[in-house]
Amino acid sequence: MKKWLTIIVWIGLVGLIGCENPFFNGRTSGTSGKCEAGAPISTSEVTDQDRGFFNPQDSLYYATAVFGIFYRGGLTNPCELVRRPISFKTVLSRKFKIVWDGPKGITTDRKAARALIRFTDKAYRDDIDVNLPPVDTLRPYPYEILISQDTTYTNIFTGREYKVALRKGYSNLLDEVKCAEVSLSSTKTFDSNRVILENSTTGSWSQRYFFKASDFAQNVQYVVVREKECATCNVPTPTLTAEKYTISKGEEIVLSFSGCPVNEYGQGPLEWFYQTANGTKTLMQRYSYSPRNQRSFSPQETTTYFLRCQGEWYCKPQKEVSVTIEVK
């Protein structure tokens, strides 16, 4: 009995000694008891000027990270050594807050953001590197940084030069796509004296702007995006006539038109609308082509038909013509 009590006492003492004593179970790195995790047992510095180290406390990148070696575990589990950053030195990046005056949301048909800003490396090849695999969001350089309406800020390396472009959302729906422009500002208000991007005259990405954060004063800390009226494209105004302007209910009427551009599909693209006496103006069709330059309708009540040459999908709506068909 005395022998068994001696063994139990020795086991208890082993559990009370702590991390200074190895736990003899075949794991040379393991210890038993309470591990002192508060202070590192050693530290080391690592420097990476190109990619830096992200500090989640202030969401900035730093050139140097100080790593500490800490104990972890204890009590019921063996202690183990872990390495984690404890401080950072030399800020490499700068945050710009994003303010969305518009355009917001996504297009209904294409599900594309109605405006998107892209920061890339200066040497980024737009048509080639776009197919690169997605990168770690915490270390995005040098591939691309995308900013959409749910982005609150962007983190830009201060001394690095980026190529920036603005894209409008693709849509074939009337008035769904809005053009946009971007300014840098010292307040949340759009600064018309510091416009860096606009895409009112392009079908996709805007012209490129070469951006270096160190070129701007520290009070310039906002990127403001707002809607802008799209450019009016050079599209002619068509003519529209009817074979007669008064018909009986259920009778078919033929409308003839001319003046819009012609290609291998016929005259077009055309946009057609209609509006009844007590109704609202409604889009019937976009991207319509007609090899015969005619279109038939069978209105059930007095209806006005509108036609315009559409032009490119990103163009501001063109001048339109109309005819009213009275139904008796």
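Along the sequence shown, the residues carry numbers beginning at 1. In this text the structure is predicted, and so the values were computed from the model without any measurement.
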Notebook entry, point to check: Relative to the ring of F119, is the ring of F211 parallel (under 30°), tilted (30 to 60°) or perpendicular (over 60°)?
Noted result: perpendicular
Margin query: Go through it in stages, so that I can follow the logic: the residues are Y222 and L184, the test is side-chain contact (heavy atoms from CB on, under 4.5 Å), and I'd like the CA-CA distance, side-chain angles, deciding distance and then a yes or no.
Written below: CA-CA 6 Å; Y222 292 92; L184 293 174; over 6 Å; no
Item checked: hydrophobic_cluster_shared for L116 and I147, side chain cutoff 4.5 Å -> no
Output side-chain donor-acceptor pairs under 3.5 Å for residues 89-103, partner residues at least two apart or in another chain, one line each.
residue: K89; atom: NZ; partner: E45; partner atom: OE2; Å: 2.3
residue: S93; atom: OG; partner: Y61; partner atom: N; Å: 2.8
residue: S93; atom: OG; partner: N155; partner atom: OD1; Å: 2.7
residue: R94; atom: NH1; partner: A213; partner atom: O; Å: 2.9
residue: R94; atom: NH1; partner: F216; partner atom: O; Å: 3.0
residue: R94; atom: NH2; partner: A217; partner atom: O; Å: 2.6
residue: R94; atom: NH2; partner: V220; partner atom: O; Å: 2.7
residue: K95; atom: NZ; partner: D58; partner atom: O; Å: 3.0
residue: W100; atom: NE1; partner: S148; partner atom: O; Å: 3.2

Item checked: In one Ile/Leu/Val/Met/Phe/Trp/Tyr side-chain cluster, 4.5 Å: I86, V82 -> yes
Item checked: Minimum-distance pair of heavy atoms, taken over all atoms of F157 and R51 -> CZ-O, 3.1 Å
Note to self: Closer than 3.5 angstrom, by distance alone: can the side chain of Q300 be matched with the main-chain N or O of S298 as a donor-acceptor pair?
What the structure shows: yes
Check: Does any N or O in the side chain of K168 come within less than 3.5 Å of the main-chain N or O of N199, such that one atom is a donor and the other an acceptor?
Finding: yes
Next item on the list: Run the numbers on F210 and K163 for side-chain contact (heavy atoms from CB on, under 4.5 Å), then give the verdict.
Entry: CA-CA 5 Å; F210 292 98; K163 182 165 59 174; 4.0 Å; yes
Check: Is there a path from V323 to I253 through hydrophobic residues (I, L, V, M, F, W, Y) whose side chains come within less than 4.5 Å of each other?
Finding: yes
Notebook entry, point to check: Any donor and acceptor pair, going by atom type alone, linking the side chain of Q267 with main-chain N or O of G259 inside 3.5 Å?
Noted result: yes
Margin query: I'd like to know whether OH of Y274 has more than 12 heavy-atom contacts from other residues, nucleotides or ligands below 6.0 angstrom.
Written below: no
Margin query: To the closest 0.5 Å, what do you measure between CZ (F88) and OH (Y62)?
Written below: 8.0 Å
Next item on the list: Would you give the length of the straight line joining atom OG1 of T237 to atom CG of L307, rounded to the nearest 0.5 angstrom?
Entry: 10.5 Å
Next item on the list: Check whether any side-chain heavy atom of S288 lies under 4.5 Å from a side-chain heavy atom of W272, and answer yes or no.
Entry: yes
Checklist line | Partners meeting side-chain hydrogen bond (donor to acceptor under 3.5 Å, both in side chains) with S87 (sequence neighbours left out) | finding: none
Checklist line | Test item: M284 and T282 side chains (from C-beta on) under 4.5 Å apart, heavy atoms | finding: no
Margin query: How close do S200 and E229 get, counting heavy atoms only, and between which atoms?
Written below: CB-O, 3.7 Å
Notebook entry, point to check: Taking NZ, NE, NH1 and NH2 as the nitrogens, is one of them in E271 or R308 under 4.0 Å from a carboxylate oxygen of the other?
Noted result: yes
Checklist line | T239-S258 side chain donor-acceptor pair, cut-off 3.5 Å | finding: yes
Checklist line | Pair V327-I247, side-chain contact (heavy atoms from CB on, under 4.5 Å): steps then yes or no | finding: CA-CA 5 Å; V327 178; I247 63 172; 4.1 Å; yes
Checklist line | Atom of G311, atom of V235 and distance for their closest heavy-atom approach | finding: CA-CG2, 3.6 Å
Checklist line | A112 backbone acceptor or donor facing T107 side chain under 3.5 Å | finding: yes
Notebook entry, point to check: Can you name the closest pair of heavy atoms from P236 and C309 and give their distance?
Noted result: O-SG, 3.2 Å
Margin query: Any heavy-atom pair between the side chains of L60 and N55 that's under 4.5 Å?
Written below: no
Note to self: Does the Lys NZ or Arg CZ of R84 fall within the cation-pi geometry relative to F70 - under 6.0 Å from the ring centre and within 45° of the axis?
What the structure shows: yes
Next item on the list: Could you tell me whether the side chain of V321 reaches within less than 4.5 Å of the side chain of F257, counting heavy atoms only?
Entry: no
Next item on the list: Answer yes or no: is there a side-chain heavy-atom contact under 4.5 Å between R114 and E227?
Entry: yes
Next item on the list: Measure the CZ-CD distance between F306 and E320 for me, rounded to the nearest 0.5 Å.
Entry: 6.0 Å
Next item on the list: Give a yes or no answer on whether the side chain of S185 reaches the backbone of T187 with a donor-acceptor pair at less than 3.5 Å.
Entry: yes
Next item on the list: Report the distance from atom CD1 of I325 to atom CG of L255, rounding to the nearest 0.5 Å.
Entry: 5.5 Å
Note to self: Does N278, at its CG atom, have more than 12 non-hydrogen atoms belonging to other residues, nucleotides or ligands within less than 6.0 Å?
What the structure shows: no
Notebook entry, point to check: In chain order, what residues pass the side-chain hydrogen bond (donor to acceptor under 3.5 Å, both in side chains) check against K249, with sequence neighbours excluded?
Noted result: none
Next item on the list: Starting at OG1 of T304, measure out to CZ of F273 and round the result to the nearest 0.5 Å.
Entry: 13.5 Å
Item checked: Contact summary for L197 and Y209, nearest pair of heavy atoms -> CD2-CB, 3.6 Å
Notebook entry, point to check: Above 12 or not: heavy atoms from other molecules or residues under 6.0 Å from OH of Y287?
Noted result: yes
Check: Does the side chain of D191 reach to within under 4.5 Å of the side chain of V224, using non-hydrogen atoms?
Finding: no
Margin query: Count I, L, V, M, F, W, Y as connected when their side-chain heavy atoms are under 4.5 Å apart, and connections chain through other members. Are V225 and I106 then in the same cluster?
Written below: no
Next item on the list: Flag yes if more than 12 heavy atoms outside D215 fall under 6.0 Å of its CG atom; otherwise flag no.
Entry: yes
Note to self: Before you tell me yes or no, could you show the steps for S322 and Q275 under side-chain contact (heavy atoms from CB on, under 4.5 Å), namely the whole-Å CA-CA distance, both residues' side-chain angles and the distance that decides it to 0.1 Å?
What the structure shows: CA-CA 10 Å; S322 64; Q275 184 175 9; over 6 Å; no
Note to self: Can you confirm whether R167 sits close enough to R118 that some side-chain heavy atom of one is under 4.5 Å from a side-chain heavy atom of the other?
What the structure shows: no
Next item on the list: Kindly compute the distance separating CZ (R208) from CG (L166), expressed to the nearest 0.5 Å.
Entry: 10.0 Å
Checklist line | Nearest non-hydrogen partners of N293 and S290, listed with the distance | finding: N-OG, 2.8 Å
Notebook entry, point to check: Between the main-chain N or O of V254 and the side-chain N or O of E243, is there a donor-acceptor pair closer than 3.5 Å?
Noted result: yes
Note to self: For residues L146 and V223: do they belong to one hydrophobic cluster (side chain heavy atoms under 4.5 Å, members Ile, Leu, Val, Met, Phe, Trp, Tyr)?
What the structure shows: no
Notebook entry, point to check: If we ignore angles and hydrogens, is there a donor and acceptor under 3.5 Å between the side chains of S204 and Y170?
Noted result: yes
Note to self: In the structure I gave you, are the side-chain heavy atoms of Q207 and T202 within less than 4.5 Å of one another anywhere?
What the structure shows: no
